[in-house]
Amino acid sequence: MTGPAHIFDKPNRYIGKSSPRADAARLLQGRGKFVDDVTLPRMVHAAFLRSPFAHATITAIDTAEAKDAPGVIAIYTGHDLTDHVTPYVGVLTHLKGLRSAPQHPLAVDVARWQGEPVVMVIATSRALAEDACELVEVDYEELPAVVDTETALDADTPVIHPEFGNNLAWERDVVAGDIDAAFAASGVQVIDREFRFGRHTGVTLESRGTLCDFDPSENELTVYYSGQAPHMMQVIFATHLDLPEENVRVISNDVGGSFGIKIHTYGDEIATAAAAKLLKRPVKFIADRFESFVTDIHARDHVIKARIGVTNDGDIVGIDLDDLTGVGPFSMYPRTSAIECNQILNLTGAPYNLDNYRAKGRVVFQNKTLMCQYRGVGHPIAMAVADGLLDDAARAIGMDPVAVRHLNLMADDSYPRASATGMKLDDLSHQKALTKLTDIMDYKGLREKQTEDRKNGIYRGIGFVSMVEVTNPSPMFYGVGGASIASQDGATVRLDAGGALHVASSITEQGQGTNAILAQIAAGVFGVALNRVKVTTGDTKTTPYGGGTWASRGAGIGGEAMLQAAQALKDQVLAVAAVMLQTSADKLDIQDGAVTDPDGTLRLPLADLARTVYYRGNELPNDLNPELIATRHYRVTDFPFVFTNGAMAAHVEVDTATGFIKVLHFWAVEDCGRVINPLLVDEQIRGGVVQGIGGALYEECQYSEDGQMLNATMADYMVPMASEMPDITVAHIETPTKTSVLGAKGAGEAGTGGAPAAILNAVNDALSPLNASIWQMPMTPERVLNAIDAAK
Amino acid sequence: MSRFVDIKLRVNGEDVSATVPSRLNLVDFLRNDLCLTGSHVGCEHGVCGACTVIVDGDSVRGCLMLAAQANRADITTIEGLADNGQSDALQAAFTNRNALQCGFCTPGMLASALGYIDGGGTADRDAIRKHISGNYCRCTGYQSIVDAICDVIEEART
């Protein structure tokens, strides 16, 4: 499918322009509306008493004293809610064999991670609710906690869900070709490494929160939701609180960061909705930072044993890996906790020509916070394993890391094709991206400087990654497995009487600039000035039905729906204009808010047309039925996902005395297809890279042996701050996807997916004169020093 | 149980009198009692900077100061900075550079940036990065924020 050139090329088209976001002003003036900014009449507040143990039987709960505390409205335990909330299970049929136990919003009889909500107190203020929590007495009998993934499957390890017999949640094997034969062939070097990726989490600056309002007269629940998928949450609230779907309204106003954190079913939020329904009044719950750290989903936490085989000429003959990951005591509902492992199995080595591939994945239960899909899902690990091994192999055979990539990356003219694991690939540009990358970074100059620096005892390193990113997922991602998660999105475009457009979309805004690009697409394709487009997103009652913004799908899927809707409305308006102007529609255009001749000569302002239609229909022929609103939906049909590619490089300096790593600069060349707004896309890449650097160097949820998170404060959990971060140079290759007219692929997760590999390779390049290397993230100073010591 | 304290202060140019629980922190008072929801709460222990407001000319963490301590203080929040024009140049630069995404850190970031600029800070990228290192932003990667602050300083000079 290709579109008419005029959509992108005519003057007064906004697609491809760096237009600043219209909604920035609101946020810059303190007029944002986040969940905690909303106050409703008769609103009360929830606070939660949470399990202090990673694993414990709840033997008794005494709420008598707390019930009499000032301001307390109600107190609920797990058992109190079992009649009002049906339990949920995080499994999907296409992840064959995945198991998980029923989960309740508040722990029933057993608490399975530190921070699991146990008792909910509702009071007239949050402070009073917290005061009353201190008066609730819970008796626990501590159970042995399963903390270490590597012993989770041992015979003598306690089983978290006895009905399963062991702690295995899911496993999968992928085999392509014959890896053993490939590795055994003569002239093949096999490099063997064990990678460790720590747990980290999203640390959205706005913590999770919800405000739930129930109107018994209409049997209607309204949820103010800080998240990414309003329609998905509508189904979840309706299903588990026994309400008709149409009686649940989910509203996402401003969302203070999400990154995949706020797209899951959290017990405290479900319990808050249940309280609103039971109390017939609004109940608000806002997680504090401690609650965020111990209940927001965590991610990564993988131990991967991996091997790569290369010939002496640098040809990759195959990759073999074994991934073990711990996901907490349950698989998260409804997206499951097996997706990250699955992505690693699917994506490792996907940029490269690879005939032999074997991957084993095992997902185990443990008594830690639940794990699920956080920005980049599996990509940072898959890329770090493949490209970490590749650079290690290149060092072993004395080959330059850029040369070894050019040798092994799929050719830009080899698509459509499949990866070794059978993923369908098209419209990628690995070779071009790598060439552009080495050009913009002055690779030769950096290498020369590096050699000079080493003579002076300065250890600098350059690291690369060539990567793919899964974007624009089709129904094959979740819907096929039985999840009530829309894979298509809708857009509505309405011409108002004043000649402006009002558009609505089912994709959502968390700061990416969703609303801005929707306006750009609508304005450009239809033909009005950008400031005459008003955008509505984030409301199940007023937008078309759709999936929301996740998996880098907003621009590619929601954007295409908007393009199609704007084009449809344009056709409808021109049909009316043709009658009014007594000509044919194909001799008219819409430019700058007016119907024009094809050369732009003004024929009829849109406001005149719309006012005639809306106010003075008597002036129109009776057989003309003007429709000044159009809705279109779009889904990806030809591919399970639309892959993007990128090439990135990091330049780092390692202080070999302290182990500190300074990132000097970072470069990213990204091919996300057609770039709708370069200003916004570049910021997505940069923000993503910085999140990736966080995971590579700083961020880790540290646990004690008995399952206590040790650093659940922002003072102890290190996130990237401005002074540690480098400037990041971003460039683009544009290979539009042929799956849509718009041609846009996703861009939101590439930086997070690629940066850790580039940083790892840069650090190991810096350490190479010492014969030291590190294979664990985050690469903390202590671990760097240990790696240096181990090489001595 | 809380005791209560009578306070009188000036917020965004308006006189305010209130009786507040002694344990109430300043940002909760501004948000919940005065409905000035532009100041945000990110960590409640002084690390993230989202609640930064201007108290008697200084950038202050609204979560580390009690409302009771604000007696007789003159406070300007993000809403006040927008109304009195103090943040106009920063608003324009942040918009042009797309130096915000979700906007949750933005009010605190602007307050910190204003402190840097009004304190005579130069367009030195490292110095700016250091100055705003008490303000956590998860979205942007900081570069655009540094760019925006540089733009304001350089434009003021020309």
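Worth saying up front: this structure is predicted, and the values here are computed from it rather than measured. In what follows, chains are A, B, ... by sequence order, proteins preceding strands, each numbered from 1.
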Worksheet item: Using non-hydrogen atoms only, which part of B:Asn135 is less than 4.5 Å away from chain A: side chain, backbone, both, or neither?
Response: backbone

Discussion item. Can you tell whether the side chains of A:Asp682 and B:Arg97 come within less than 4.0 Å, N to carboxylate O?
Written reply: no

Worksheet item: Below 4.0 angstrom, N of the basic side chain to O of the carboxylate: do B:Arg138 and A:Glu699 qualify?
Response: yes

Practice prompt. Check the pair A:Glu683, B:Gln143 against side chain to side chain donor-acceptor pair (under 3.5 Å), reporting the backbone distance first and the verdict last.
Written response: CA-CA 9 Å; A:Glu683 283 306 297; B:Gln143 184 172 336; over 6 Å; no

Worksheet item: If contact means a heavy atom pair closer than 4.5 Å, which residues of residues 27-35 of chain B contact chain A?
Response: B:Arg31

Worksheet item: Under a 4.5 Å heavy-atom cut-off, does chain A meet the side chain of B:Gln91, its backbone, both or neither?
Response: both

Item to complete: For residues 44-85 of chain B, pull every pair meeting ring pair (Phe, Tyr, Trp, His ring centres under 6.0 Å), keeping only residues two or more places apart or in separate chains.
Response: none

Discussion item. Any heavy-atom pair between the side chains of B:Cys48 and A:Leu205 that's under 4.5 Å?
Written reply: yes

Worksheet entry | Choice from A:Val689, A:Thr713, A:Asp288, A:Thr39 maximising heavy atom contacts with chain B below 4.5 Å | A:Thr713

Fill in: Pick from A:Leu27, A:Ile685, A:Leu680, A:Asp37 with the largest number of heavy-atom pairs that fall under 4.5 Å of chain B
A:Asp37

Worksheet entry | Donor-acceptor contact below 3.5 Å, side chain B:Thr95 vs main chain A:Ala24 | no

Worksheet item: Taking only residues two or more places apart in sequence or in another chain, which ones pass salt bridge (Lys or Arg N to Asp or Glu O under 4.0 Å) with A:Asp727?
Response: B:Arg125, B:Arg129

Practice prompt. Please list, in residue-number order, every residue in residues 109-121 of chain B that has a heavy atom less than 4.5 Å from any heavy atom of chain A; write 'none' if there are none.
Written response: B:Leu110

Item to complete: Without swapping roles, check the side chain of B:Tyr136 against the backbone of A:Val203 for a donor-acceptor pair under 3.5 Å.
Response: yes

Worksheet item: Can you tell me how far OG of A:Ser125 sits from CG of B:Leu24, rounded to the nearest 0.5 angstrom?
Response: 9.5 Å

Response to the item:
Heavy-atom closest pair (A:Phe259 atom, B:Cys139 atom, distance to 0.1 Å) is CZ-SG, 3.8 Å

